Protein chains: 2
Amino acid sequence: MKTIIDIAQAAGVAKSTVSRYLNGGSVSDETKEKIERIIKQYNYVPNTFARSLKAKKTSIIGIIVPRLDSFAVSQMLIGIDDTLRQEQYQMLLANANQETAREIEAIYEFSRQKISGLLFMAIKITDEHRQAIAQCKIPVVLIGQDDALLHSVIHDDRQAGYLLGKYVLSKGHRQIAYLGVTEQDDAVGIQRKLGFQQAFADTTDHDIRYYESGFRMDQAVVAAHHLLDQWTPSIVVAATDNIAIGVFKAALSRQIDIPTTLSITGFGDYDITEIMHPALTTVKFHYKEAGQLAATNLIQLIHGQTVAKTTISNCELIVRESVDNR
Amino acid sequence: MKTIIDIAQAAGVAKSTVSRYLNGGSVSDETKEKIERIIKQYNYVPNTFARSLKAKKTSIIGIIVPRLDSFAVSQMLIGIDDTLRQEQYQMLLANANQETAREIEAIYEFSRQKISGLLFMAIKITDEHRQAIAQCKIPVVLIGQDDALLHSVIHDDRQAGYLLGKYVLSKGHRQIAYLGVTEQDDAVGIQRKLGFQQAFADTTDHDIRYYESGFRMDQAVVAAHHLLDQWTPSIVVAATDNIAIGVFKAALSRQIDIPTTLSITGFGDYDITEIMHPALTTVKFHYKEAGQLAATNLIQLIHGQTVAKTTISNCELIVRESVDNR
DNA sequence: CTGAAAGCGCTTACAG
DNA sequence: CTGAAAGCGCTTACAG
């Protein structure tokens, strides 16, 4: 491996001059050309460690995701990658596998790698998280989850629940099973549900019953069977598209016709929901844009600029075929 | 930020002793305890740059993926993450977005970051790739694509095509549309097709016609319409599940009944294919395991151990409902 | 515009 | 088991 000294010697200049060339400092056209040629010839690549050690900064952004096999996560990653590339940042990725301990671990590990910023898709922010983040002194932008202190880009989960609630109401449904997720997850577990309930605030002739499922499709199938064993609603409102797909699967295996006998809705507008049969009525979030926004905000934070504490990414109701009139 | 000198002073020892403690060298129990306590108290985290600069190694593995919104890629990433975590490696991720130029760029950028190994999901290996890899002197394991020189973990695409071909044949289909992808992609574009053809080697009363599609579902829809405009096969054999889903969608919009009028198959066994209606007959690849295997092989390569040049991950036919008897 | 020198925070032989 | 010293490959004031 060639070092800056090799280049300097070959070009007949001091290494500080080469360094200046590398960092866009003032160098005469003549030496510039000379250095350029030598670098190309030697195929010289500066050592990032030496550079970062001295300059005390890196071009690496850490990203913590709860899982890798999720449409929402993939889309957000695409958005993040998009803007990070443009700004010449690299992505260091950690999969927390939905475990808080692994999230904390990743924060410290990232700190050791001296990332210049952190993009964090958390399920729930605890004091332990706040402490780790504070200790590492890294700029952070949360994605998908709000926090009193940290910067965040969130989806309008409340509004999403409300829009869907109003729609379900308008279609005449009154026997409603809400298949949610743990309230540990504020955005998905609480806000969507609150928005949904709000849509029914002025209605009295309805019966909404609450059930809970895990995030994975197979967990949703189990939860849906459990639900359908207990009750016969006219609609199941699932807290995510993935869970809705699980309900589809359970209903199918019970020979329940969708949507004639049972209507189903989701949240998220996953790619696949469009081609399901019947196509799923859901609420679309702009995941890719949220990822871009979060990356942009983080970079501004790194540059010491001020950024709105909370950025809200909007949503829209996508009406398809899985909800029947009642 | 505290440095090793702060720790050394506070503990009343030399910094080389602290370094030895950090790296598991011989230190008396007494000093060990002292240093341990101080480190905890100061919340000291060693500077990775300084460490890597001197020790000339990192714990970072670079990963280049063609896209992020793919079931196969996600699953392989999960597998990779799995074994990399256990071995204390970090993942530096680059999304090439199916562009060769971005793949090359990523290799050089990774080299600058001094990754200790590269996991590469390429579409096609060109001389430009080989040159970049050779120049950077980084251990590499290819995933999903074979190469004459580089180490790789591949799926048994040929066998997959063969298994599916034999099945299609046994179900009586003779008017077959093979909706493939570009032959640039050896594994998906060539091997699967060759295996499929091989299954028909002893048959003469068949008519297989070849069409081509992009990898994305929306591209597959267009390709499927194009195909169905031109011909009326009894089955469409799609080169990936994603493409098969596009065919489903096109058939649905044309009111063609699946599988009665048109049978469809895919490759990959994406999660979703199980809950489609009718459920998709396909060939399952073990993506997660392939990711684990590749990561394991790469680490062995990094440790200077010898590794089989090519590791083949097997496949199995998954018979479901999308193929009718003919 | 250019160069000599100090220093970033570690690790690693080498003595003792 | 422990410490003093050199050095990894850069960047950055500071002179000139």
Side-chain angles (χ1 to χ4, degrees), chain A residues 1-39 42-60 88 108-116 136-137, chain B residues 1-39 42-60 88 108-116 136-137:
Chain A
M1 272 285 107
K2 296 295 173 193
T3 73
I4 198 169
I5 289 189
D6 299 314
I7 304 302
Q9 281 176 344
V13 296
K15 59 178 180 165
S16 40
T17 305
V18 178
S19 175
R20 230 174 281 118
Y21 164 81
L22 252 22
N23 294 291
S26 51
V27 180
S28 74
D29 284 349
E30 197 187 348
T31 32
K32 199 177 287 186
E33 274 169 35
K34 216 164 27 179
I35 296 175
E36 201 153 28
R37 190 158 33 79
I38 304 285
I39 286 183
Y42 279 56
N43 234 297
Y44 167 69
V45 177
N47 181 317
T48 324
F49 302 137
R51 179 175 273 188
S52 303
L53 176 57
K54 192 71 183 111
K56 298 202 173 305
K57 61 181 176 191
T58 64
S59 56
I60 299 181
Q88 316 258 49
Y108 284 113
E109 184 52 42
F110 279 172
S111 156
R112 211 163 295 140
Q113 302 287 349
K114 297 277 182 290
I115 56 169
S116 42
C136 296
K137 300 191 182 68
Chain B
M1 273 284 108
K2 296 294 173 195
T3 73
I4 199 170
I5 291 191
D6 299 315
I7 304 302
Q9 281 176 346
V13 297
K15 59 178 182 167
S16 40
T17 305
V18 179
S19 174
R20 231 174 281 115
Y21 163 80
L22 254 20
N23 295 291
S26 52
V27 181
S28 74
D29 283 350
E30 196 186 348
T31 32
K32 200 175 289 189
E33 275 170 36
K34 217 165 24 180
I35 296 175
E36 200 153 28
R37 191 158 30 79
I38 303 284
I39 285 183
Y42 279 54
N43 233 296
Y44 167 70
V45 177
N47 181 318
T48 325
F49 301 136
R51 178 174 275 188
S52 304
L53 177 58
K54 192 73 183 116
K56 301 208 172 301
K57 63 182 173 192
T58 65
S59 56
I60 298 181
Q88 315 259 52
Y108 285 112
E109 185 52 43
F110 280 172
S111 156
R112 212 163 293 141
Q113 303 288 347
K114 297 278 183 288
I115 56 169
S116 42
C136 296
K137 301 189 181 67

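From a predicted model like this one, the values you see are computed outputs, not experimental measurements.
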Next item on the list: For B:N47 and C:dG9, give me the distance from atom CG to atom P, rounded to whole Å.
Entry: 7 Å
Margin query: Nearest 0.5 angstrom please: A:I35 CD1 to A:Y44 OH, how far?
Written below: 10.5 Å
Check: Can you find a pair of side-chain heavy atoms, one from A:V13 and one from A:Y21, that are under 4.5 Å apart?
Finding: no
Next item on the list: Give B:Y44 one of three labels, base, sugar-phosphate or nothing, depending on what nucleic acid heavy atoms sit under 4.0 Å from its own.
Entry: sugar-phosphate
Check: With no hydrogens and no angle check, is any side-chain donor or acceptor of B:T58 less than 3.5 Å from a backbone partner on B:K114?
Finding: yes
Item checked: Whole angstrom value for the distance that separates P of D:dT12 from OH of A:Y21 -> 17 Å
Checklist line | Rounded distance (Å) that lies between atom P of D:dG7 and atom CD1 of A:I4 | finding: 19 Å
Checklist line | Donor-acceptor contact below 3.5 Å, side chain A:N47 vs main chain A:F49 | finding: yes
Notebook entry, point to check: How long is the span from the CD1 atom in B:I4 to the CZ atom in B:R51, to the nearest 0.5 Å?
Noted result: 8.0 Å
Next item on the list: Would you kindly give the CG-to-P distance between B:N23 and C:dT11, to the nearest whole Å?
Entry: 5 Å
Checklist line | Spacing between B:F49 atom CZ and D:dT11 atom P, to the nearest angstrom | finding: 13 Å
Next item on the list: Determine the minimum heavy-atom distance between A:S59 and B:Q113, stating which atoms define it.
Entry: OG-NE2, 3.6 Å
Check: Can you tell me how far P of C:dC10 sits from CZ of A:R51, to the nearest Å?
Finding: 21 Å
Check: What are the two closest non-hydrogen atoms of B:A8 and B:A14, and how far apart are they?
Finding: CB-C, 3.8 Å
Checklist line | Whole angstrom value for the distance that separates P of D:dC8 from NZ of B:K114 | finding: 15 Å
Checklist line | Upstream residue (5' side of DNA chain D) when A:V18 and B:K54 are each assigned their closest nucleotide | finding: B:K54
Item checked: Atom-pair distance (CD1 on A:I5; C1' on D:dC10), nearest Å -> 9 Å
So which protein nitrogen or oxygen atoms get under 3.5 Å of nucleotides 1-3 of chain C's nitrogens or oxygens?
unit_1	atom_1	unit_2	atom_2	d
C:dC1	OP2	A:S26	OG	2.7
C:dT2	OP1	A:S28	OG	3.0
C:dT2	OP1	A:T31	OG1	3.1
C:dT2	OP2	A:S28	N	2.9
C:dT2	OP2	A:T31	OG1	3.0
C:dG3	OP2	A:A14	N	3.0
C:dG3	OP2	A:T17	OG1	2.7
C:dG3	N7	A:S16	OG	3.4
C:dG3	N7	A:R20	NH2	2.8
C:dG3	O6	A:R20	NH2	3.0

Margin query: Using side-chain heavy atoms (C-beta onward) and a distance below 4.5 Å, is B:V45 in contact with A:Y108?
Written below: no
Item checked: Distance, nearest 0.5 Å, that separates CD of B:E109 from CD1 of B:I115 -> 10.0 Å
Notebook entry, point to check: Quick one: is D:dG9 close enough that its OP1 or OP2 comes under 4.0 Å of any side-chain N or O from A:T3?
Noted result: no
Item checked: Stems formed with participation of DNA chain C [Watson-Crick or G-U wobble, under 3.5 Å, three or more pairs] -> C:1-3 with D:14-16, C:5-12 with D:5-12, C:14-16 with D:1-3
